[in-house]
Number of protein chains: 4
Amino acid sequence: MAGNSSGTIFRVTTFGESHGPGLGCIVDGCPAGLPLDIEDIGRELNRRRPGGGGPSTTRSEADVPEILSGIFEGKTLGTPIAILVRNTNQRSGDYDKLKDLYRPGHADWTWEAKYGFRDHRGGGRSSARETLGRVAAGAIAKAFLRVQGVTIRGWTSSAAGIDAPLFGEPNFDFDEVEKNPLRFPSRELSELVLQKAERLRNEGDSAGGTVSCRVTGLKPGLGEPVFGKLDARLAAAMLSLGAAKGIEFGSGFDAAYTQGSANNDRPIPGRRTAGSTHTLPPGVPDLEYAANNAGGVLGGISTGMPLEFTVAFKPVPSIAKKQETVDRQGNIRELIIEGRHDVCVCPRAVPVVEAMTALVLADLVLLSRMDRA
Amino acid sequence: MAGNSSGTIFRVTTFGESHGPGLGCIVDGCPAGLPLDIEDIGRELNRRRPGGGGPSTTRSEADVPEILSGIFEGKTLGTPIAILVRNTNQRSGDYDKLKDLYRPGHADWTWEAKYGFRDHRGGGRSSARETLGRVAAGAIAKAFLRVQGVTIRGWTSSAAGIDAPLFGEPNFDFDEVEKNPLRFPSRELSELVLQKAERLRNEGDSAGGTVSCRVTGLKPGLGEPVFGKLDARLAAAMLSLGAAKGIEFGSGFDAAYTQGSANNDRPIPGRRTAGSTHTLPPGVPDLEYAANNAGGVLGGISTGMPLEFTVAFKPVPSIAKKQETVDRQGNIRELIIEGRHDVCVCPRAVPVVEAMTALVLADLVLLSRMDRA
Amino acid sequence: MAGNSSGTIFRVTTFGESHGPGLGCIVDGCPAGLPLDIEDIGRELNRRRPGGGGPSTTRSEADVPEILSGIFEGKTLGTPIAILVRNTNQRSGDYDKLKDLYRPGHADWTWEAKYGFRDHRGGGRSSARETLGRVAAGAIAKAFLRVQGVTIRGWTSSAAGIDAPLFGEPNFDFDEVEKNPLRFPSRELSELVLQKAERLRNEGDSAGGTVSCRVTGLKPGLGEPVFGKLDARLAAAMLSLGAAKGIEFGSGFDAAYTQGSANNDRPIPGRRTAGSTHTLPPGVPDLEYAANNAGGVLGGISTGMPLEFTVAFKPVPSIAKKQETVDRQGNIRELIIEGRHDVCVCPRAVPVVEAMTALVLADLVLLSRMDRA
Amino acid sequence: MAGNSSGTIFRVTTFGESHGPGLGCIVDGCPAGLPLDIEDIGRELNRRRPGGGGPSTTRSEADVPEILSGIFEGKTLGTPIAILVRNTNQRSGDYDKLKDLYRPGHADWTWEAKYGFRDHRGGGRSSARETLGRVAAGAIAKAFLRVQGVTIRGWTSSAAGIDAPLFGEPNFDFDEVEKNPLRFPSRELSELVLQKAERLRNEGDSAGGTVSCRVTGLKPGLGEPVFGKLDARLAAAMLSLGAAKGIEFGSGFDAAYTQGSANNDRPIPGRRTAGSTHTLPPGVPDLEYAANNAGGVLGGISTGMPLEFTVAFKPVPSIAKKQETVDRQGNIRELIIEGRHDVCVCPRAVPVVEAMTALVLADLVLLSRMDRA
């Protein structure tokens, strides 16, 4: 299966190069009759755009989406929804001097080793700008999930070496996330990070970080054993992001250092209220868990507890500091990368992580309609 | 796509429940003409079986594979290769008293929430025994990759809270891995871990750990952007293992705490020898990297450096200690799990991690045949 | 996607060579909770076996199916259902002298041109015996469809140059179909065909024919535009049968010679009764058609009228008459095919056509659960 | 898998409604380095547009394609190629009075039965205009196949009840096909058909017909047994066209009325020249066939002989004659369809049949790269 599509039923294909005519996506398999308008998509694209200040690039494009198909009288038709975002602010000249150089930490050379040549302008398709199509598609998935009562919220949980408070800790402030340019759940700490990021920018350097995501309202029973498990699908989705280097669910890597007696979450009688949208099959009692080390997934299937995972992002590889590399002729060369680059990808990665999560979940929600005869 | 298949071209489907008639797999898409015999498969299945002593279960079945199709005169036909392993040593009675209880840390309840009922004997299909089919299929993938010069080696890199030496450190001993029951790359430390595991077993408890994997001989250019990236595919493969809770590539979560200047691997002129099986497209210079923080993958495409990743496994949830849970009637109940269970999954997970890696790589090697016109 | 699987949700993979250890299938994606037992499968396999007399091969194997997985306490688990039929009556020696000859009308040479070598015994995987796996899988699909009120009935509609009466004609006798070895809907005509078939057998020759299929009880709205249309899916399913050379739906090729005014089926108000299992979306009126030139499908979507199509099968290529061919060394050679062969494939193709129809319909019924938000 | 995509490796997804903002496609999986420009696509789209006179609609849009991604410096990048054709000449008002009526022979009601509502303007997505995206994608596939030496040529082989000469007959004139508005391989007969079509138009009626297709230069060995056979794939592709009601390969339905001795094509030593681009596996002799009743496919695999098949198309259902139908309220209503409609789809179906053929073949050519280890 070609590599630019994802999903079984709710299926997205993205297209576009960073400095080509445009980028976008087709969503094939969104059910008919879902209310959807261009605002749903524009809002998410705006969240992905470089923010006011902080550690983000200053390349700022309007990123105006156009819906080409699939919507009629404000509702989805059940046909493919194609969305196009035109590129308008490309400064391809910035990249001319990089044409014959392989940037460290980038996919320039691996791309050529694979395809024989590449669009060198802004990284071509390996640019983070490719995620525009994902965010647009994710906005549709979010609209679908909203109807099911599902809420997806991501945040920067570590940046430039500074950890945010953990969810549930007293100084964890969810309301703060969308208010500061870092998407950090603590205003106070966000300012520390911004100072550190600014220092790194001045040194021509960059920083890594982590993004955490928490999903509530998921019904139990989502995920397709054995290869299409909920966590397997999410892991693939997150590692398909350019700078991601790892993922963990629930207690994650810490679980590798504990005992079963401590890590097992104790089942307790469930308290789903009568009005819940989620019904269990006949004869299956309601259940919850006294803890959530599992991160909301057991045996690859959602438990009904909040889904919780964290993604590790490497530092932005495009740094202003002088670096050494190799050119097309195989010679060692010095390199200084100019242009507009984020210091840390995390703040802008948050809406992308949410979008990818939404795409996986929308697909699994639809697939779960086939579980029982 | 149904959840029990994986891969695009080299595609495996597994089947079977822990206490049903048998388990196995079909591999569809293995190219014709590959020498293969039953020994290739039996050897890997043996590696997966509970070992002599150590932290593994004492349920020991012969696990004799039978090839039902796809091989003729010692070579693959290009047709589906079906492999069957019959269950012979089931003690289903062990599970009778668990029939109406939802074991903590297991998929008992999530499975029922999804499908409405389950085969409770030994976890049914959510048993680790399901990985038999994966290991059998992986053995075929390994045979295919061997011809390409690819070597996959996994080991227990942490268990019961004790870390193994890192690859490349002086006391890291690759030869030791297949010699001790832990698959630990250090005899000395393995004995410490065994003592600790024994203590945990006596306490009725279990331990988590990590498995690391290193692949050499991979050509550059493997991996399908943007959703079928090498690391995305591997992440899905690893998180599809029951007890896996996280994965990281190269510097992984540590990368989230470094700067770009430190994390970028410096490209250097490559030294592939004339006899290499890997040829680069015309006009693309050979390249290597002075370090491997990337873990062998950039932009989701193999760099030609060793592929390196680590998987976190939670402690075995089946513990002898008394636990509390809920029964089918929704009542809180006490539970003591008897039977034969591993203390730590890592040693037996090693061949499974290798098998899943082989399956992903075989598929990507085949897909790479389509990269260029 | 590897070529031995079919279906999106209700997905079958078949395996096995004619003279290997066995043949069978895995069905992945059958919903949980469907009552199913081995009799459901054995019954259909029996229908596929060579009959008493008539134009069928005298190779007669018991074809006893074994369910390896996926069923527990008489119901489907939602896990893969693997079925194995062992080969017991192979007379591989019959084929030794054909080892280096390419039989006319068979896939011997094309198979070698593709894969480089082949299992020559009985055609290997290109044997009609491969359809065992399809029929077993189809039996599961039929059980699923039965619950939905869907009935699939096929018959030989032409054989050895003699056409059966058309469905609906006075002398069309549906009850007769499973009573005569030809599956011909007229006892009188079936005897004529048998005489003609016997004459052809004596001449060392064989005959072509057609199989027709009629499905009732289908709800309107099945089929996935634009590439997964109901008729497109069925056409692929039927042309995936070895001897099939054509298919037509409803008025079919005759439609190419009519006018729109004659071919359009007039919509009339529908009369679905209150107890119908099929509910239309709110606001959509019930509808039927005064004729069924469309064969039950418009725009690739089921109309709710009976689905009707006919498949053309070429004469069995294995004939006793002396033929000329080419051998492995490229020399022209004479060839006389011995062994047990059908004169006309149609009677035994009937249950296979039904099975393939059931597989397509089960998949589309499941997919239709995702049509609306 | 969502229904608007087709192909495994060379994979196309189409989007767009007849009267929405635009239509188009994404091709994912076209190998890198293929020379391609907008002219390749525009030329094929022009062939699909309504011609000068003859039996085609007078709605004439420029149908100017825009390549949004995937091409850089005149070559394919290996990334998704997105193509957009904007709608510019919609007269949606023509369709207002049809909003609540279900047109006979159209998918209006089946679409609503499936999705609950529809875009009634011009048939929405069930319009023949949807094939724009297929033709654009097919143009890319053709460019890919051209390099392999493959030539695809279609023609109207019957229309309005008048059969064209068969390929190979003396009065079959291939050069004539693209010169007359019918794409008929005989000028003389084409004029007869045009007269008959004109008469039908005046009567407010329409006509069916057949399109034949012949592919030369195909290497032997294409097609994926058992479900992805060459003919199975093509059958699905052709039946995915709105008005198609049947397909036959080689001797097709006639084969059902012959004997094996007559229908088997005699193998003869092959004469592939040294310069052929097609190489056979070692040890496999070259082979041809003295006849081509098989239509170029045996056992679902290409024989190297010309691929030959014929598709039956029903008469255009949109006729000016008064018809009876049912409206949204379930009442019987009279209906007169106005607007611009073809009398016979065949001439314009020819480039679409070619495009679909090219898409299937490009995919199978790529898949064949994986046949042997």
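Sequence lines set the chain letters: A, B, ... in the order given, protein chains first and strands last, and positions in each chain run from 1.
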Give a yes or no on whether a salt bridge exists between Asp100(B) and Arg333(B), defined as a side-chain N under 4.0 angstrom from a carboxylate O. no
Is it true that Arg118(B) and Glu17(B) have a side-chain N and a carboxylate O under 4.0 angstrom from each other? no
Heavy-atom distance under 4.5 Å to chain B: side chain of [X], backbone, both or neither?
X: Glu130(A); answer: side chain
X: Val316(A); answer: backbone
X: Asp108(A); answer: neither
X: Asp205(A); answer: side chain
X: Ser251(A); answer: neither
X: Asn293(A); answer: backbone
X: Phe117(A); answer: neither
X: Met356(A); answer: side chain
X: Lys314(A); answer: both
X: Phe249(A); answer: both
X: Arg328(A); answer: both
X: Ile247(A); answer: both
X: Leu287(A); answer: both
X: Gln259(A); answer: both

Show every salt bridge (charged side-chain N to carboxylate O under 4.0 Å, His left out) that has at least one partner inside residues 239-256 of chain A, sequence neighbours left out. none
Leu239(B) versus Lys229(A): any side-chain heavy-atom pair under 4.5 Å? no
